[in-house]
2 protein chains.
Amino acid sequence: MASRSYGQYCGVTTAVELIGERWAMLIVRDLLVGPRRYTDLKQGLPKIPTNILSTRLKELQEGGVVRRVPLMNCGLVYELTDYGRQLEPVVLALGRWGFQQMGDPQPEDVVTADSLTMALRTAFRAEAATSLPAADYELHVADVALRVQVDGAGLRVTQLAPPAPPVGGRVPDGEPDLVFAAGPGIRRVISGELTPAQAIDEDVLAVVSGDATLLERFAQTFHIDPGVVLAA
Amino acid sequence: MASRSYGQYCGVTTAVELIGERWAMLIVRDLLVGPRRYTDLKQGLPKIPTNILSTRLKELQEGGVVRRVPLMNCGLVYELTDYGRQLEPVVLALGRWGFQQMGDPQPEDVVTADSLTMALRTAFRAEAATSLPAADYELHVADVALRVQVDGAGLRVTQLAPPAPPVGGRVPDGEPDLVFAAGPGIRRVISGELTPAQAIDEDVLAVVSGDATLLERFAQTFHIDPGVVLAA
DNA sequence: CCGGATCCGAATCGATACTG
DNA sequence: CAGTATCGATTCGGATCCGG
């Protein structure tokens, strides 16, 4: 076990010994969305070998990052401890940093519900949102569908389907103000490279129903400025 | 090369593909202190195999994180690009997070000048420092010696010796207000587990010269509150 | 000494199959 | 659903070597 030690007495070193292993940070990313079963994690990380997933979950438990919680109605979930949840600013900052380097998707690349949920959180600008009216979006990317509700400085993202809303999830009532679909090119809207109008012209965005002018508000609310990675 | 891909189109994933490999984040940590030669990095990371160091440096260059700069007076240094420097909040947040889980040092663990420099940066509380008078410390831990100058919200850490001040380094003029030596137990002072007075009683801290009452100010300026990881 | 490159055994990872 | 077991493919670690 000491073979993985970096041999330094330092906080950064201790941290990467805990969550620097391959896949570990992505497991944490998905658990930041909410508690997940083993199978949920496997689906959200399609390329993870199952032995690695179980090994990481064991290590993260030993490290006090993750807790294994038996469920009342059979089954069990993994959830972040308080300590694990403190990684949120790290994951968000990493997401903003990586965002700038993202090119176009590889053919093999997928978009998962949890990764898109966290991506919206990384791009969310609370300061901008507070000075804007509340808005209620439904966003479709590939085969994931999210309800995205912005109210003041608050952001609430709910995963719709497929599949049925996961553990603890609750589908919001009411109709969204805007339903729209996007391809991976939505990245260029978030970065400001494309205005919503241009994105529609290039078939990156398509309004399904609702008030199309809300796309502007969406773009102002969710934005990652190249060069600004500062964490929340 | 695609073998290392996590197969997701996501900012976090892109980030860990760039700096998630073993040792990469620690190389960035040291480069955040300043440009370093190959040999400096090797000394600052005593356990890194040289082939891994050169591989990582190559990858970090391809990723736009690190730049290789020939030096006028022979030799060359590696330095962070602007993009690489944007990892500072990530590294600081990781350092604060890992700090809380640090136990006592393993016998093999060393403290390097760069890791201690970054540790001070992670623990620095600008808000607290602004409301305190300026102070000028000299800190010795194991065989590293640092000049730590706090002025308002500003922090300046200079590595003294050994060896001679590195590239671009400049030894501050004047005398420090306080010179003190610490063991690894200084962690418990930073966490608030120990007051400076208790630390002296337990031989964790020893004043070499100067105004011993400044230790209180040091403890107020450098502090990591368990449970508070929020990034700068 | 600086800045690596090379070689090789050990450990880890990835893919698939299988089980309570 | 929640993992183990197995095994070939990679990567890592440790040591040595090499050209300036």
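Since we're looking at a predicted model, the values are computed, not measured. The chains referred to below are lettered A, B, ... by the order of the sequence lines, with proteins before strands, and numbering in each begins at 1.
When the nucleotides C:dG3, D:dT4, C:dT12 are ranked by their closest atom to the side chain of B:Arg68, C:dG3 comes out on top. Comparing C:dC2, C:dA15, C:dC13 by their nearest atom to the side chain of A:Arg22 picks out C:dC13. Comparing C:dC13, D:dG3, C:dG4 by their nearest atom to the side chain of B:Tyr38 picks out C:dG4. Considering only the side chain of A:Thr39, D:dC1 comes nearest among D:dT4, D:dC1, D:dG14.
In terms of position on DNA chain D, the residue among A:Gly75 and B:Glu21 whose nearest nucleotide sits closer to the 5' end is A:Gly75.
Here CD of B:Gln86 is found 11.0 Å from CG of B:Leu80. Values are rounded to the nearest 0.5 Å.
Atom CD1 of B:Ile48 is separated from atom P of C:dG3 by 15 Å (rounded to the nearest Å). At whole-Å resolution of the value, NZ in B:Lys58 and C1' in D:dC12 are 15 Å apart. As a whole-Å value, the separation of B:Ile27 CD1 from D:dC12 P is 11 Å. Across the protein-nucleic acid pair, B:Leu53 atom CG and D:dA15 atom P stand 17 Å apart, rounded to whole Å. At whole-Å resolution of the value, CD1 in A:Ile52 and P in C:dA15 are 10 Å apart. The nearest whole Å value for the distance from the CH2 atom in A:Trp23 to the C1' atom in C:dA15 is 13 Å. Going from atom CD of B:Glu59 over to atom C1' of D:dT10 covers 13 Å, rounded to whole Å. In this structure, CG of A:Leu41 is placed 11 Å from C1' of D:dA2, rounded to the nearest angstrom.
Contacts of A:Asp136 classified as salt bridge (Lys or Arg N to Asp or Glu O under 4.0 Å), with partners at least two apart in sequence or in another chain: A:Arg147.
The base of D:dG13 lies close enough to the side chain of B:Asn51 for a donor and an acceptor atom to sit less than 3.5 Å apart.
Classification of the B:Phe218-B:Phe180 ring pair by plane angle, with boundaries at 30° and 60°, yields perpendicular. Taking the six-membered ring where tryptophan is involved, the planes of B:Trp23 and A:Tyr6 are perpendicular, since the angle between them exceeds 60° and thus also 30°. Classification of the B:Trp97-A:Tyr83 ring pair by plane angle, with boundaries at 30° and 60°, yields parallel.
Phosphate contact (OP1/OP2 of D:dC12, side-chain N/O of B:Arg56, threshold under 4.0 Å): present. The side chain of B:Tyr6 places no N or O atom within less than 4.0 Å of a non-bridging phosphate oxygen (OP1 or OP2) of C:dG14.
Among the protein residues, A:Thr50 comes within range of the nucleic acid bases, having at least one heavy atom under 4.0 Å from a base atom.
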